[in-house]
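Here's the structure we're looking at; comments come further down.
Chain letters run A, B, ... following the sequence lines, proteins first, then strands; residues in each count from 1.
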There are 2 protein chains.
Amino acid sequence: MTLKPHPNYTRGELVEVLRNHGINPTHQRIEIAYVLFSRCEHLSADQLLALVNDRNSETSKATVYNTLNLFLEKKLIREVIVDPSKVFYDPNTDVHHHFYDIDTGELTDIDAADIEVSGLPQLPEGVVTEGVDIIVRIRSEQAV
Amino acid sequence: MTLKPHPNYTRGELVEVLRNHGINPTHQRIEIAYVLFSRCEHLSADQLLALVNDRNSETSKATVYNTLNLFLEKKLIREVIVDPSKVFYDPNTDVHHHFYDIDTGELTDIDAADIEVSGLPQLPEGVVTEGVDIIVRIRSEQAV
DNA sequence: TAGCCGAATTAGACACAGTCCAAGTCTTGC
DNA sequence: GCAAGACTTGGACTGTGTCTAATTCGGCTA
Ligand SMILES: [Mn+2]
Ligand SMILES: [Mn+2]
Ligand SMILES: [Zn+2]
Ligand SMILES: [Zn+2]
């Protein structure tokens, strides 16, 4: 069972999904999951920290990082590595790709359904593909 | 005129290429270019710092970063963002893609000549593509 | 309800990539 | 040789992310 980014998950729905992923649903983890899944965005760790503490009581930086790494390990979220100074966390774990606006830093999803990549070379013996990431770097035309 | 990664550039050849890219060829810049272009590898800033100071006299960390950013700006090299903790610098500026071994951290070039990507969505008005990066994350099979 | 115990959280120290700055040194043109 | 600008440098600083040891939480049992 997969969780889709979607506004207004109930606490109970979040608890169930955490359990289904083998994650013990604590207060902080539910709060963090709520922020991740109710905004359908790509957030960095400190954006998340700010949003969580905005809504609610104090959650520490250590817990935010612990939780994000746990969610990654349990494949509840994925990371997008596109900015040399910070990682973005993506609530959408479907195979998909990204536009990255190099001026604004904004990330936008590209559905993988219609995308076809041909001509990739054969992998060496005993090596296996873990995933293919396509990043289309874009910018607004007037900005030279 | 383009520089190809190639062992054993002469000092004179490096000076010429720097000049052709609008870069004033100082001692340190020539040393750094030498290390970048004579090893046909993807290096991080501190690998480069170590290699430069290995061969020769002292070049400071500040100069290595200044120079890498200058080379990037002048399009003498490109950067590969694939590891959340450091940037790799790539002496190959031809359009190409990468295998990234998630266990060893090793980066390998994929020639773009045979690669075809179809199905990318239309870009919004006034937005232009700066480049398409494909990263194939791989690992050795036995490592689960 | 009280007490126990492993799991989770926390503040703050730490690691480390990368930037900034002000002072010093090298080039280049005259 | 001299001045002016360009470049380099050590070291302070910033920001992201990790680690640790101490505390707190929460689910369980008696
Ligand atoms: Mn950089
Ligand atoms: Mn990380
Ligand atoms: Zn995404
Ligand atoms: Zn490359």
So, is [X] near the phosphate of [N], with a side-chain N or O under 4.0 Å from OP1 or OP2?
X	N	value
B/H27	C/dT27	yes
B/Y65	C/dT19	no
B/N66	D/dC7	no
A/Q28	D/dC25	no
A/T26	C/dT9	yes

Integer-rounded Å distance: [N] [atom2] and [X] [atom1]:
X	N	atom1	atom2	answer
B/I30	D/dA6	CD1	P	19 Å
A/E73	C/dA8	CD	P	11 Å
A/D83	C/dA17	CG	P	17 Å
B/L49	C/dC16	CG	C1'	13 Å
A/K86	C/dG18	NZ	P	14 Å
B/L70	D/dC7	CG	P	8 Å
B/R19	D/dA6	CZ	C1'	14 Å
A/Q47	D/dT16	CD	C1'	13 Å

- [ ] Determine whether B/V128 and B/L123 make a side-chain contact, defined as any pair of heavy atoms from C-beta on separated by less than 4.5 Å.
- [x]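 No, every pair of side-chain atoms sits at 4.5 Å or beyond.
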Task: Test item: A/R139 and B/V127 side chains (from C-beta on) under 4.5 Å apart, heavy atoms - done: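 No; the side chains remain at least 4.5 Å from each other.
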Open item on the list: Heavy atoms only, 4.0 Å cut-off, all strands: where does B/S85 land among base, sugar-phosphate and nothing?
Closed with: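 Counting heavy atoms under 4.0 Å across all strands, the contact made by B/S85 is with sugar-phosphate only.
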Open item on the list: Using a heavy-atom cut-off of 4.0 Å across all strands, would you classify A/T63 as base, sugar-phosphate, or nothing?
Closed with: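 If one applies the 4.0 Å heavy-atom cut-off, A/T63 turns out to touch a base.
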Task: Heavy-atom closest pair, residues A/R11 and A/H27 - done: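 Scanning both residues completely, I find the closest heavy atoms to be NH2-ND1, 3.8 Å.
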- [ ] Work out which heavy atom in B/V15 is nearest to a heavy atom in B/P25; give both atom names and the distance.
- [x]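 The pair with the smallest heavy-atom distance is CG1-CG, 3.9 Å.
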Task: 5'-most by nearest nucleotide on DNA chain C - B/D46 or B/P25 - done: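 Nearer the 5' end of the strand: B/D46.
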Task: Of B/N24 and B/S44, the one whose closest DNA chain C nucleotide lies more 5' - done: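 In this pair, the answer is B/S44.
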Open item on the list: Which label fits B/Y9 and B/F37: parallel for a plane angle under 30°, tilted from 30 to 60°, or perpendicular past 60°?
Closed with: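 Rings of B/Y9 and B/F37: perpendicular, over 60°.
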- [ ] Taking only the side-chain heavy atoms of A/K61 (C-beta and beyond), determine which of C/dA13, D/dC19, D/dG10 contains the nearest atom.
- [x]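 When the side chain of A/K61 is considered, C/dA13 is the closest of C/dA13, D/dC19, D/dG10.
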Task: Nucleotide of C/dA17, D/dG11, C/dT9 approaching A/R29 most closely (side-chain heavy atoms) - done: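 Out of C/dA17, D/dG11, C/dT9, the nucleotide with an atom closest to A/R29's side chain is C/dT9.
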